[in-house]
> 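Starting off with a structure, shown below.
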2 protein chains.
Amino acid sequence: MPNEKRPPFAENVTADDVAIAAGVSRWTVNRAFRKDASISPKSLQKVMVAAERLGYLPDLRAASLASDRSNLVALLIDDFANPHKLVMMERLTRILRREGWDVLLVNTLDRDDAGHALLNASQRRVDAVILIGIQFDDDVLETALQARRFRKLIVFARSSENPNTISIAVDDVGAMTELARYVHQRGYRRPLFLAGPQSHSAHLLRKETFLEYWGKHFSFQPESVTVPAYDPALAATIAMETLSRRGPSDLPDVIVCENDALAMGATDVIRHKLGLEIPKDIAITGFDDVPQADNPNYRLTTYRQPLTEMVEYLVKVLADPEERDLNRLFTGRLIPRHSA
Amino acid sequence: MPNEKRPPFAENVTADDVAIAAGVSRWTVNRAFRKDASISPKSLQKVMVAAERLGYLPDLRAASLASDRSNLVALLIDDFANPHKLVMMERLTRILRREGWDVLLVNTLDRDDAGHALLNASQRRVDAVILIGIQFDDDVLETALQARRFRKLIVFARSSENPNTISIAVDDVGAMTELARYVHQRGYRRPLFLAGPQSHSAHLLRKETFLEYWGKHFSFQPESVTVPAYDPALAATIAMETLSRRGPSDLPDVIVCENDALAMGATDVIRHKLGLEIPKDIAITGFDDVPQADNPNYRLTTYRQPLTEMVEYLVKVLADPEERDLNRLFTGRLIPRHSA
DNA sequence: ATTTTTCTTGCTCGCGCGAGCAAATGTGGA
DNA sequence: TCCACATTTGCTCGCGCGAGCAAGAAAAAT
């Protein structure tokens, strides 16, 4: 009776129930739901009909317990003010799900909390942990690796030399060199670097690369200012302080930002608070190419990370049980727009 | 030897190991990790010392299997172009984690996929499913409730009359009435409504409310235009088409948007493509009060949902096993800014 | 028709933990 | 000291499934 109504919160139907209904053994039922298992088309059919009728689906907790593979990855993210995080989450969850991975999303509040979040994930016995954020410096990683078992620790969108850690990131040195050269060739000569949160061990190489490039070509190091979070509003505050401290004649002619979130904040300040024009009075560059970068308010010259390619690589790495220590860099593309 | 080095991917340490090390039974070890369990301070201490030394943490899969509570909720989200989703995810994951819930994030691509996502979640035996998105119309919900077991089905930020479904949302009728009255009192007389994706059963009441208000007061129904996704870029395209189809004298004096994502797209078009001023030539209102609404490029008059309050309510509902059918509406606050 | 090979099925055992009860231990009062 | 009672501990059994093997069935080869 396919139309038989079941109560909305029915008792658990298990493989045994289906087995009885289909006239096979429990193991045949479970085999029917595994793609690798050997099962005759006939009994597969019988099982599926019975399962459909009873509303049976295998319990992934039990499967995971028995097989020691959870098909679960934890995604630890910290920095929700940064619009790029939304893009990364979308891409990651979409592609991971396509490949059969479920995603445990963990919002890590601060550096201390990152440790707890890692423990949390380990209790779910996830097959891998993907870290996206600024809090995961070498200490946190080291602790994670020392004390707990993770099959894989993947640092995404940030490179890490840590052993036993997989990192998948854009080549910051190459990218920022390209950006610096662009800024240089466009004739800008008084740059200011707007950097994101810096920790001794977990930061991007963009600032160093830019400053070195400039030092090499002009024998002076531009000023750089640090914003303690990738938050456009916070970047606006810091940029305002910095720029208003300088006299009008002492303003930079370009602000090179560690990413788009900072660049957007800086843009807002320059246009709306200082009443200056971009790029005529001050130019701006960003990094990431978030969707808003193309917005008419910003038209940001920026650097696009090959996100899809990076995520596709990530799922490949996930599938390979041997792979657990590598540092893969990707090359993106400079996107020249109006802002510089 | 606390400093003894373990290999990074050690063998699984289980409660039995800790039991031997602590000189107690396995059950005492597990009790030590449950807050409700009765255990003497002495053996708790012994267990914790041994567990710490061995790096033991209970396996939540097994606990869940045995206790039939997973402490897991699935979060089904579809519409990643909408910046409000980032805010909701942040708030939800933060507060849920604080209350001991882990979150399975599922990116549902389209309406068909929503069904698969639901099945997926049911296989992990989540304690609740939280739906945030436009794809979860009554059909999808009905199917979910009919065919599969979910302890709770929670529709968030959208109200649902569906039985056996908990919905937590802002009172769209009240909110939009307030907005309409505001627009009315500010003297606008030629409104255009910019609506989001409409389905017969799963949409917001904002459009109907606004149109009815206007019909009641002015005996004509303003035009309304539908954008098929809450995507600023798409909204910009549609707004551009609509506005350029009209003659300059026939332009609306205010565009009332179903949410901020649409309002931002419309704003961009009006200012940058049409070269008009906001609010002088055309005013704009939004809904949600996303962080960008306060940005100098938008200064959007909008309606703020009491998101934290709503999420706090959600975790309360989660904790109560009896609660599984209610429709709770919250009242937010009109945020007048520059755009209208 | 018989044997060999291949495929399919059933089964034992274990994954790590919790519910719930029984035994053991502890506490206090008469 | 002894007993009634409360607290703590250990234990049996089961949650639902998978690995891996052995038995059975089917297909292929002789």
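Residue numbering restarts at 1 for every chain, and letters A, B, ... go by the order of the sequence lines.
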> May I ask you to say what B:S64 touches in the nucleic acid, namely base, sugar-phosphate or nothing, with a heavy-atom cut-off under 4.0 Å?
nothing
> Specify the separation, in whole Å, of atom CG of A:D16 and atom P of D:dC17.
8 Å
> State whether B:T28 places a side-chain N or O below 4.0 Å from either non-bridging phosphate oxygen (OP1 or OP2) of D:dT8.
no
> Regarding B:L65, tell me which of base, sugar-phosphate or nothing describes its non-hydrogen contacts under 4.0 Å with the strands shown.
base
> What's the spacing between A:I168 CD1 and A:E309 CD if we round to 0.5 Å?
11.0 Å
> Using the side-chain heavy atoms of B:S43, tell me which of these nucleotides is nearest: C:dG18, D:dT8, D:dG18.
D:dT8
> What does the 5'-to-3' dot-bracket notation of DNA chain D look like when only Watson-Crick and G-U wobble pairs under 3.5 Å count, and pairs to other strands show as |?
||||||||||||||||||||||||||||||
> State which of C:dG18, D:dT8, D:dC17 makes the closest approach to the side chain of B:W27.
C:dG18
> Quick check on DNA chain D: between A:T14 and A:K42, whose nearest nucleotide comes earlier from the 5' end?
A:T14
> Return the 5'-most residue of the pair B:P41, A:A15 with respect to DNA chain D, ranking by each residue's nearest nucleotide.
B:P41
> Would you mind telling me which residue lines up with the more 5' stretch of DNA chain C, A:S38 or B:R31, judged by nearest nucleotide?
A:S38
> If we count only N and O atoms by modelled type, under 3.5 Å, do the side chains of B:N107 and B:D78 hold a donor and an acceptor together?
no
> Which nucleotide in the list C:dG16, D:dC17, D:dG10 gets nearest to the side chain of B:A66?
C:dG16
> Roughly, in whole Å, what's the span from CG in B:D68 to P in C:dG20?
12 Å
> Starting at atom CZ of B:R69, determine the distance to atom P of C:dC17, rounded to an integer number of angstrom.
18 Å
> May I have the distance from B:R124 (atom CZ) to D:dG16 (atom P), rounded to whole angstrom?
17 Å
> Any Lys/Arg nitrogen of B:K152 or B:D127 sitting under 4.0 Å from an Asp/Glu carboxylate oxygen of the other?
no
> Are B:L105 and A:D102 packed together at the side-chain level, in the sense that at least one heavy-atom pair is separated by less than 4.5 angstrom?
no
> With sequence neighbours excluded, what pairs up with A:A81 under the side-chain contact (heavy atoms from CB on, under 4.5 Å) test?
A:D231
> If you check every side-chain atom of A:P58, which of D:dA19, D:dC17, C:dT9 has the closest atom?
D:dC17
> Are A:S67 and D:dC17 close enough that a side-chain N or O sits under 4.0 Å from OP1 or OP2?
no
> Any side-chain N or O of A:R34 below 4.0 angstrom from OP1/OP2 of D:dA19?
yes
> Do A:L72 and B:L104 touch side chain to side chain, with heavy atoms closer than 4.5 Å?
yes
> Are any of the side-chain heavy atoms of B:F33 and B:M48 separated by less than 4.5 Å?
yes
> Report the distance from atom CD1 of A:I39 to atom P of C:dT8, rounded to the nearest whole Å.
9 Å
> Take atom CZ of A:R125 and atom C1' of C:dC15, then tell me their distance rounded to the nearest Å.
11 Å
> Which of these nucleotides, C:dG10, D:dT8, D:dA19, is closest to any side-chain atom of B:S40?
D:dT8
> Return yes if a side-chain donor-acceptor contact under 3.5 Å exists between B:S167 and B:R158, otherwise no.
no
> What integer distance in Å separates B:L57:CG from C:dG16:C1'?
14 Å
> Round to the nearest Å and state the distance from B:R26 atom CZ to D:dT12 atom C1'.
11 Å
